[in-house]
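Here the structure is laid out as structure tokens; the discussion comes afterwards.
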Amino acid sequence: MALRAALAAGEAPYGLAVTARNLWYEHRQDAVQRVDVPVVSVGNLTVGGTGKTPMVKWIARHFRQHSKRVAILSRGYGAEAGAKNDEALELEQALTDVPHLQDRDRVASARIAIEELEAEVLLLDDGFQHRRLGRDLDIVLLDATAPFGYEHLLPRGVLREPISGLRRAHAVCLTRATSISAAERDAIRQRVHRIAPEVLWCEATHRPRTLLDKTEQQRPLSELHGQPVAAFCGIGNPAAFRKTLEDAGANVVAWQEFPDHHNYSADDIRDLADKFASCPAATVVCTHKDLVKVQLEQLADRPLQAVVVEIEFLAGEANLAKMLDSVSD
């Protein structure tokens with residue numbers, strides 16, 4: 001009860017601060033800085049994983065397929081000094097022809113991308129609350145398992161800002177949509193449209209496509225079917241990763257979670273090896289974000305492989321593509 005009261009007490013001042021900040025950006029013409037190329041933002045209302053990285057990959061590939069020079073800008077949350085974080089490493093491996101700049105000052109990195117890298121369009125990763133850099137398109141992702149952050153702002157819930165912030169969005173995509181029923185998806189869509197009647201609505205799921213090892217060799221995901229596996233992850237939604245493994249037919253016999261953006265130490269690796277040593281797993285699996293940081297071919301004398309996940313649209317893909325084309329042409 002005491003903890004609940006403390007979290008509730010913290011929600012009000014947080015809400016006031018967020019509201020004041022948003023009002024400042026809305027009423028100060030000099031608060032938002034524009035650059036000379038289109039800016040597309042992918043973000044969310046909540047903390048935790050909503051599937052931004054698969055969406056960023058899909059958008060970047062769309063622009064590259066249309067011969068647009070695109071650069072990704074991010075804050076670099078969770079990165080050690082002078083290093084790239086897990087998201088940057090994953091995107092760098094998946095998008096070899098797309099530069100990724102990490103800097104708390106995304107206006108500065110935007111100018112570098114334009115002036116030095118000749119970027120024709122900028123993709124702002126986790127940018128919905130980063131209002132200093134003006135954008136031409138705001139795409140907001142809602143995780144179907146908790147789309148409205150348990151109806152409360154931080155620290156009582158997981159909302160970064162009030163749900164009314166959706167009014168700033170141009171498109172809203174419900175991710176992990178297959179985890180709930182069609183009726184539940186429709187109820188969420190209707191609520192979003194009551195808040196933002198003109199917003200484009202999309203629905204998507206995250207499909208595991210392949211297994212990838214440190215050497216970037218790919219193997220079919222079907223190899224996990226019926227197999228005992230040990231698994232670990234340090235992401236915002238670990239339950240979603242475990243469900244991905246179970247849906248692929250894997251038998252998860254050992255499991256370890258770490259905090260989001262966890263930087264693995266030598267002690268962490270030893271502890272994982274000790275934990276998995278006696279389990280009957282045939283292989284060890286993790287997410288792509290974990291593999292690019294761990295950089296091991298084996299763990300506990302078993303092959304270490306990552307599950308590569310891509311976005312798959314259930315609704316709204318063609319309209320979102322048209323919206324991207326309209327801001328970049």
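The model shown is predicted, which means the values in this text are computed figures rather than measured ones. We count residues from 1, following the sequence as given.
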| field | Residues E310, R209; criterion salt bridge (charged side-chain N to carboxylate O under 4.0 Å, His left out); working and verdict | value | CA-CA 7 Å; E310 303 288 353; R209 296 300 186 193; over 6 Å; no
| query | Step by step, would you call D247 with T244 a side chain to side chain donor-acceptor pair (under 3.5 Å)? | reply | CA-CA 5 Å; D247 288 347; T244 294; 5.9 Å; no
| Derivation of the side-chain contact (heavy atoms from CB on, under 4.5 Å) call for L296 and I269 | CA-CA 10 Å; L296 294 173; I269 300 303; 3.8 Å; yes
| task | Check the pair Q33, R111 against side chain to side chain donor-acceptor pair (under 3.5 Å), reporting the backbone distance first and the verdict last. | result | CA-CA 11 Å; Q33 299 191 37; R111 290 171 177 153; 2.9 Å; yes
| request: Assess whether side-chain contact (heavy atoms from CB on, under 4.5 Å) is satisfied between V40 and L124, documenting all intermediate values. | output: CA-CA 6 Å; V40 176; L124 191 57; over 6 Å; no
| task | Take R131 and R168 through the side-chain contact (heavy atoms from CB on, under 4.5 Å) test and state the conclusion after the steps. | result | CA-CA 11 Å; R131 302 195 56 184; R168 302 197 312 273; 3.4 Å; yes
| request: Go through F313 and T205 one step at a time and tell me if the side-chain contact (heavy atoms from CB on, under 4.5 Å) criterion holds. | output: CA-CA 6 Å; F313 284 89; T205 189; over 6 Å; no
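At a cut-off of 3.5 Å, with distance as the only test, no side-chain donor of T46 or N44 sits close to an acceptor on the other residue. A side-chain N or O of H288 and one of Q93 form a donor-acceptor pair less than 3.5 Å apart. Between S265 and D268, the side chains place a donor N or O and an acceptor N or O closer than 3.5 Å (distance only, hydrogens not considered). For the residue pair W24/E26, the side-chain donor-acceptor check at 3.5 Å is not satisfied. Looking only at atom types and distance, the side chain of D213 has a donor-acceptor partner in the side chain of T215 under 3.5 Å away. Side-chain contact check for D138 and S41: at least one donor-acceptor pair (N or O, by modelled atom type) lies under 3.5 Å. For the residue pair E92 and H100, no side-chain donor N or O sits within less than 3.5 Å of a side-chain acceptor on the partner. A donor and an acceptor atom, one from each side chain of D329 and H66, are nowhere located under 3.5 Å apart. Looking at T19 and N22, their side chains never bring a donor and an acceptor atom within 3.5 Å of each other. Between the side chains of Q190 and R185, no donor N or O sits under 3.5 Å from an acceptor N or O.
No donor-acceptor pair closer than 3.5 Å links the side chain of T175 to the backbone N or O of A204. A donor-acceptor pair is defined here as one N or O able to donate and one able to accept, closer than 3.5 Å; no such pair exists between the side chain of R160 and the backbone of L154. Judged by distance alone, the side chain of E90 and the main-chain N or O of E87 form no donor-acceptor pair under 3.5 Å. A side-chain donor-acceptor contact under 3.5 Å links H193 to the backbone of V199. Listed for the R302 side chain is a donor-acceptor partner under 3.5 Å among the backbone atoms of A281. The backbone N or O of L212 lies less than 3.5 Å from no partner atom in the side chain of Q305, so there is not a single donor-acceptor pair. In this structure, the side chain of S74 does not engage the main chain of D125 through any donor-acceptor pair within 3.5 Å. Checked by atom type and distance alone, the side chain of R135 pairs as donor or acceptor with a backbone atom of G127 at under 3.5 Å. With K322 contributing its side chain and E317 its backbone, the two residues share no donor-acceptor pair below 3.5 Å. The main-chain N or O of Q227 is never found under 3.5 Å from a side-chain atom of N251 such that the two would form a donor-acceptor pair.
Looking at every heavy atom in both residues, L291 comes nearest to A306 through CD2-CB, 3.6 Å. For the pair L314 and A177, the tightest heavy-atom approach, listed with the atom from each and the gap, is CD1-CB, 3.8 Å. Scanning all heavy atoms of the two residues, the minimum distance from L73 to R106 falls at CD1-O, 3.9 Å. For the residue pair Q129 and L45, the shortest heavy atom distance occurs at NE2-CA, 4.2 Å. Residues P162 and V18 come closest through the heavy atom pair CD-CG1, 3.9 Å. In plain terms, the two heavy atoms of P238 and I235 that are nearest each other are CD-O, 3.6 Å.
To the nearest 0.5 Å, atom CD of residue Q295 and atom NZ of residue K214 are 5.5 Å apart. S326 contributes atom OG, which lies 7.0 Å from atom CG of L137 (distance to the nearest 0.5 angstrom). Considering CZ of F148 and CD1 of I195, their distance stands at 6.0 Å, rounded to 0.5 Å. We find the CZ-CG distance between R242 and N237 to be 13.5 Å, quoted to the nearest 0.5 Å. With values rounded to the nearest 0.5 angstrom, W58 atom CH2 is found 15.5 Å from T53 atom OG1. Between the CZ atom in R219 and the OG atom in S222 there is a gap of 9.5 Å [rounded to 0.5 Å].
Within 6.0 Å of the CD atom in E198, the count of heavy atoms belonging to other residues, nucleotides or ligands does not exceed 12. Heavy atoms from other residues, nucleotides or ligands lying under 6.0 Å from OH of Y25 number more than 12. More than 12 heavy atoms of other residues, nucleotides or ligands lie within 6.0 Å of CZ in R21, so this atom counts as buried by the packing criterion. Applying the 6.0 Å contact sphere to CG of D274 captures more than 12 heavy atoms from other residues, nucleotides or ligands.
In terms of hydrophobic clustering, with Ile, Leu, Val, Met, Phe, Trp and Tyr side chains grouped at heavy-atom distances under 4.5 Å, M55 and V327 are assigned to a common cluster. When the side chains of ILVMFWY residues are joined at heavy-atom separations under 4.5 Å, either directly or via intervening members, I163 and L153 end up in a single hydrophobic cluster. Residues L320 and W201 fall into different hydrophobic clusters, defined by Ile, Leu, Val, Met, Phe, Trp and Tyr side chains chained together at heavy-atom separations under 4.5 Å. L91 and V308 fall into different hydrophobic clusters, where Ile, Leu, Val, Met, Phe, Trp and Tyr residues are linked whenever their side-chain heavy atoms come under 4.5 Å apart, directly or through other members. Follow the hydrophobic side-chain contacts under 4.5 Å out from F63 and you reach V56 in the same cluster.
Of the charged side-chain nitrogens involved, at least one lies within less than 4.0 Å of a carboxylate oxygen, so that E151 and R191 count as a salt-bridged pair. A salt bridge links D97 and R64; the closest N-O separation between the charged side-chain nitrogens and carboxylate oxygens is under 4.0 Å.
I72 has its side chain out of reach of L101: every pair of non-hydrogen atoms, C-beta onward, lies at least 4.5 Å apart. In this structure the side chain of M323 reaches within 4.5 angstrom of the side chain of L200, judged on heavy atoms. For the pair L304/E297, no side-chain contact is recorded, criterion being any heavy-atom separation below 4.5 Å from C-beta on. Residues Q256 and K275 are in side-chain contact: their nearest non-hydrogen atoms beyond the backbone lie under 4.5 Å apart.
By the 30° and 60° cut-offs, the orientation of the rings of Y264 relative to H262 is perpendicular.
Separation of the F232 and F241 ring centroids does not fall under the 6.0 Å cut-off. In this structure, the ring of H130 has its center no less than 6.0 angstrom from the ring center of F128.
For the side-chain contact (heavy atoms from CB on, under 4.5 Å) with L174, the lone residue among L142, L141, T50 that qualifies is L142.
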